[in-house]
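Here's the structure, in structure tokens; my notes come after.
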Amino acid sequence: MSEPQRAGTSPVPGAPDGGSDAPPVPPMVTVRGVRRTYGAGRAAVHALRDVSLDVAPGELVALVGRSGSGKTTLLNIVGGLDRPDAGSVTVGGTEVTSLDEAGQVALRRDLVAFVFQTFGLVPVLSAAENVGVPLRLRRLAPADRERRVGLLLDLVGLGDHADQRPGELSGGQQQRVAIARALAASPRLLIADEPTGQLDSETGLAVMALIRAVVEAEGMTAIVSTHDPVMIALADRAVHLVDGQLTDG
Amino acid sequence: MAEPPPGHRRDAGRAARGGRAGGRPALVLRRASTQVPLLAAVLAVVVAGTTLLGTCVLLLTTAQDRALEQAIARAGPAEVDVTVGLRLAVPDAGDGAPDASDPPAVDAAQVVADATALVEDAFAPAPSSTSVWLASALQYLPATAADTLRLGYLLDAPGLEAAATLAAGRWPAPTATAADREVAVLTSTARALDLAPGDRVVLSPDPQHASEQADGASSPGSTEVGVVVVGTFTRAHDQDGAQGAWERDPLDGEGVDTSTGLIPAYGPFVVAPGTLPATEVPVGRVSLVVRPDLSDADADELVAMGPPSGSLRTDLTRTLGDAVSSTAVASPYPRTLADARTQQGITSSGVLVVALLGAALAATALGLAARLVAVRRAAEATLLVARGARRGQLVRQAAAESALLAALAAAAGVPLSLVTFRAVTALPWLAGAGLAGPASVTAPLVVAVASAALLLAALLVAPSVRPVDAGAHRRPRRGLVARSGTDVVLAAVAVAAYVQLRAHRVATGAEPDPVLVAAPLLVLLAGAVLVLRVLPWVSRLAEGHARASRGLVLPLAAWEVSRRPHSTAGAFLLILATAAATFGVSFTSTWWDSQADQAEAEVGTELVVDVTGAPVLAQGAAVAVATGGDVSPVTRRAIALGSRVGGGTEESTTQLLAVDTRRADALMRGRLPEGSWADVSAGLAPTTGGAGPLVPAAPTLDVTVTGAADDGTPLETVPGLLVEDAWGSRTLVVAATPVPLDGQPHTVPVPVGAVDGDPEVRVVGVELPLTLLAPQDVPWQSDITARVTATVDVPGAHLDAADALGTAGGWSEGRSPSDFGAVRNARATQAGSDDGVAVTATASVSLTTLLYADAAIVVTALPAAEELPVVVTEPVARELGLGTGAPLSLTVGGTTVEATVVGVAPYLPSVPRGPAVLADHDALSRALVARADLTSMTDTWWVAGLEDPAAAVAAAGDLGPTVTRADVTAELRDGPLRGALRAALWLLVVAAVGLALAGTAVHTATALDARAVEVARLQGLGVSRRSVVASFLAEHSAVTLVVVAAGTGVGAFTGWAVGPLLAVSATGRPPVPAAAFGWPWASQSVLVLGLVLGCAAVVVPVALRTVRRATVAHLRMDAS
Ligand SMILES: Nc1ncnc2c1ncn2[C@@H]1O[C@H](COP(=O)(O)OP(=O)(O)OP(=O)(O)O)[C@@H](O)[C@H]1O
Ligand SMILES: [Mg+2]
């Protein structure tokens, strides 16, 4: 099952338009033969077994799989939060797996933005302050920062909730704050781990649509994991993760 | 890389699997086992708290008992010995009409036995030794040639030799026969009666007139006693218990009593010890000195024993009945005991403050620990409740755990208290005070430790009764305390306690003084609570700053500071601990310095020497040579001030202090609120110099007196010279024999009493008392006045430059207000020659007045001011309404001196309390001389500027009793009853720092527990580990710095406001001079730095660990 994937240059079309005569655009994300095993011996959990994947720039890929199939593990590895036991990951031409700590920090600061499955907001900070964190990391002038934060919160429809803390927001609102924060520093790659998982389907769809819209607007690449088939429709492409392995359908 | 998720989830799971939540010991144990480090920390805090309390209890009980025992054991005889003076119902010769035929019906031996038993019983079970001196009733001595009757008495005084120095011959020995018993007499008695070893004297109950003596030495009277003088002796100077011995002699060791109106008495005739009862002479007076040996008595016995003066006298009078005609009792022990108990009470107050502060700190630390435990268990508790457990079951479970902890803590606290106590009492100053040694387990210790352990452990249950909602990150609530307004109430109570303390005049009794305890405790607590209220403002300020800044590290820290809930308790602990510790250090310094200040004020100078057993003019040189210091004669005595006679205690009597104020800065000690003693005493010293012939120092000076009355009236004088030594000490020395003023030169020795080779002395006055040789020839009806002129030639004398040139003031009159104007217009001149200096005095004398008044020509080379300038203390100024410039009459001895107040001082050196008057010694002496009072004003000697104080004190000790500032300071600081306070304060500092660090560790662990997920998220956002750590440390150092600074502020404020008021004197009254706020910068810096660094040392590793452990796994977790 994995043989053709490994042999082929790409199991998926290189670009959305798929034109074979267009100059080859280097993929935004390249995943090659990644393995990740938790634990050892008989208790070992093989979360990822030999995963390979390419994501073209500007593409919105849905990473679909059942709970426990390894979605979060894969996304964390792509984002440099975790390291694979084997294989390599390149993001925007940078070999992520061999980055040192500083490099990983720079990667997350400048290239990649996360929307975590558990939202990942800093509880002591208000919505606006959470969104401002990536901008502070880039040492934006306070006025510029405030303006962009306002913009982003308006974008996600939370302009009126800027001063509320995560504990005072609903799940969907928190997730939208997380998306606003992820977009704040204009990352080239947005990684969203089940952004809709804890939301009702209506809100989930709205969030997904929001992601779709900003990805298009900002020209980002995005990998969004989900186990909700409805969401797949909004993606350019879906890849399926089953038991730590990618399948075609 | 991946780490297991934090423990409490796992614990919760396990507990859930453990089945239904109940108070099952298995569950308690299993749960405890998963939280060993946490529970160990909790246990450590409880143990530390109980140990501190236990140690304080031992300091309050065992150490105080020991201190009392030591203090009493060290008390001098004068503070313990009971002195009983009994006058037996036996008539003295000369008392009314003695009936010799009526034999005395008093059994002296029985009286002695009864009285001794009565007094000794009062000290039972302590053994006592009693010294009994028996004096015979007064007997007639042979009359003088002029048939003046004289009295004498025998004295049977065991141990008298210790208080005397043999001058000639030997001490009496018992003789076989009743006749011619051996006696020794004082040299003064010998001189007055013209006795020498070998002479025989008869004492008789009947008058021995001059005419009868020719008949034969022994008259047939059966009760006559003949004694043979075998030795003469002088009084030894007061030392080593000789002090006071002579007060037991009926004539106080003077040897002669020629008080007007009485038959002159001479004595004692000291017989061999134990032989008086065997003579025929009845015992007339008994002196008992009962010295209890209290060295083995324990504190309880000491408190119970001792006869109160009043009741002892009553008891003696009742027991002895008619055998005794008068009873005098001095029993200083009750006073000594009461003073010691007062000091106990004061020290206990301090120790109690420490104990209560320690308890408050331990409770706060435990509150933090309890919260940590609760947070770690919150999930479990929620789960258990969800599974149907009732809250009561959880509480029971927590209670079971707490009880276990309390039991463990109590079990450890008792032995640890004993160990700590032993270590504390091994501190040098406590060991030096005799407090060292192991303590035994006492009921108060066990009760205190056990109840402290229980109470502290109960704090652990509190959160399970009122559950914390774990991880609920709401906006910071104001603390419970602030919300309820308790802090305002506390502040009001603290202010009340402070006002009470300010008004507190005297602390007495052996129990801790509530005012002394409450004030520091409440002010510290209220300060800490109030500062908490201010802290949010500070953090809000930081937050405003955060909003305006670009970066993340510091703003994040600021946000954390201002928005984290639960930080109040941690801050409170650190504030209170810092405040308690800095207050402890500050108060230690305040107290320590105040003891030195009080000692200075009490002693007044570096070293005080009461020279005894040496003539006045030999004293200055002796003191100067022995000490090598700056020496001044000093007048220090009670006086009458205007109409104010005072009386009773020393402090209600006005004290006169006169020193050489030209050297005030060197001699006078004692801190003043402002200025120096030189400023205070400016203008007291005379501006004019003295004059008079200078003579080489010598024991005697042979002066030649030539004088006569112009009308030829035969007069006699006993010339006296007022002689001044190189240190300004003046005394009148009087020729041994009278000299007739018959126009012929008469040379007579004057016993100056100076020592050959000492610096020259100066004759500054001449006194010529006049006696009519033939009073019967002077008609008393009309006033006959004669001009009397007398020249006193002082051989070997010379005049100094000023005198020789005639620029000195010259001689003037000293006029006695009490001679009824017998002598008027006295004048004198001096003339130097190669042989010496002649002082010629002349005056008009009312011969008629001489018939009934004592009069003398007094001339002096010392010019005196019209009025004596003096400085009075505030009590005098207040009581008499005196201000600067007010006139004042001082009665010194029998002479009244007009004075002017030139200043008011808060107190005087050596007179810290009560009314006192300061004058210049020279000026005072001159003022008295101007009123013809030539009495020496040298009461004692002050020495300052010592190069080698220890050697000086040792050398001065040979001259007489000494008091040194250093000794008094050491006693006040480190005496048995005082040292425990300092030890307790150090204990407080150590405990405060320890508990603060423990609390910070627990608090940090709690805070970081909640932060792990957040740290992981920040890292996920691209915040580097370094930034996370930096932000975290910035947050903590900001909090620590602000909180420690606030705590230091509270400590400093308390030390400044309360400390000086707490440093009460050993007698429980406000100290004199007022204590000054002490803030030892070095120690405080070390302490504060230690606290900050200690907190850092606790926080940094925890922070690093948390950041290191923050992993991807945490990202999978909900923040809640
Ligand atoms: N730290 C870890 N230690 C051990 N096993 C782990 C760890 N993290 C994940 N796993 C296991 O790895 C496997 C893949 O987990 P992962 O979180 O990637 O799944 P997922 O597809 O994201 O699931 P979900 O849709 O529920 O989020 C699971 O079987 C999980 O139990
Ligand atoms: Mg997942």
Side-chain angles (χ1 to χ4, degrees), chain A residues 36 38-39 72-73 76-77 79-83 85 101-102 104-126 128-130 132-146 165-168 174 178 181-182 184-185 187 191 193 198, chain B residues 1-4 469 471-476 539 543-565 567 1007 1010-1011 1013-1028 1031 1035 1107-1108 1110-1120:
Chain A
R36 180 73 169 93
Y38 295 108
T72 301
T73 307
N76 283 351
I77 288 174
L81 286 174
D82 200 356
R83 286 174 197 273
D85 298 325
E101 152 117 39
Q104 285 186 337
V105 168
L107 175 81
R108 287 199 295 274
R109 193 183 57 210
D110 302 330
L111 220 57
V112 183
F114 270 96
V115 177
F116 298 106
Q117 187 168 5
T118 49
F119 313 143
L121 299 180
V122 179
V124 291
L125 303 187
S126 68
E129 285 157 355
N130 262 294
V133 168
L135 302 174
R136 282 179 179 273
L137 286 174
R138 297 194 165 185
R139 306 193 63 77
L140 218 62
D144 296 344
R145 184 184 67 219
E146 296 306 314
R165 302 256 194 93
E168 298 156 352
Q174 287 187 49
R181 185 178 64 182
I191 297 175
D193 188 3
Q198 306 197 2
Chain B
M1 175 119 191
E3 306 242 348
D469 16 26
H473 299 294
R474 303 223 191 86
R475 290 194 181 272
S539 62
E543 199 175 322
H545 199 75
R547 201 171 305 129
S549 88
R550 267 167 195 255
L552 180 67
V553 172
L554 292 180
L556 193 59
W559 283 320
E560 295 282 359
V561 169
S562 60
R563 296 180 187 174
R564 280 273 162 204
S567 57
R1011 295 274 274 280
V1013 173
E1014 186 185 313
V1015 168
R1017 286 178 181 174
L1018 285 168
Q1019 287 186 271
L1021 288 177
V1023 182
S1024 65
R1025 275 183 193 187
R1026 204 142 37 93
S1027 300
V1028 173
S1031 168
E1035 173 193 341
V1107 173
R1108 214 179 318 114
T1111 61
V1112 183
H1114 284 107
L1115 284 174
R1116 295 169 178 264
M1117 285 162 47
D1118 257 347
S1120 50

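Side chains are part of it too, since the values below use all heavy atoms of this structure and drop only hydrogens, waters and symmetry mates. Order of the sequence lines sets the chain letters (A, B, ...), proteins ahead of strands, with each chain counted from 1.
With A:Arg36 contributing its side chain and A:Thr73 its backbone, the two residues share no donor-acceptor pair below 3.5 Å. Between the B:Glu1014 side chain and the A:Val122 main chain, no donor and acceptor come within less than 3.5 Å of each other.
Of the atoms belonging to A:Arg181, it is side-chain heavy atoms, and not backbone ones, that fall under 4.5 Å from chain B. Heavy atoms of B:Arg547 lying under 4.5 Å from chain A belong exclusively to its backbone. Heavy atoms of B:Ser549 lying under 4.5 Å from chain A belong to its backbone as well as its side chain. Heavy-atom distances place both the backbone and the side chain of A:Arg139 under 4.5 Å from chain B. Of the two parts of A:Leu125, the backbone and the side chain both hold a non-hydrogen atom closer than 4.5 Å to a non-hydrogen atom of chain B.
Residues A:Phe114 and A:Asn76 have side chains in contact (heavy-atom distance under 4.5 Å, counting atoms from C-beta outward). Considering only heavy atoms from C-beta on, A:Val105 stays 4.5 Å or farther from B:Arg1025 through its side chain.
Interface remark: of the candidates A:Arg136, A:Glu129, A:Glu101, A:Arg136 forms the most heavy-atom pairs closer than 4.5 Å to chain B. Your options are A:Leu137, A:Asp193, A:Leu135, A:Leu107, and the one with the most heavy-atom pairs under 4.5 Å with chain B is A:Leu137.
B:Ala546 pairs by the side chain to side chain contact (heavy atoms under 4.5 Å, CB included) definition with B:Pro555, B:Ala558, B:Trp559, not counting sequence neighbours. Remark: A:Gln104 pairs with A:Arg83, A:Leu99, A:Arg108 by the side chain to side chain contact (heavy atoms under 4.5 Å, CB included) rule, at least two apart or across chains.
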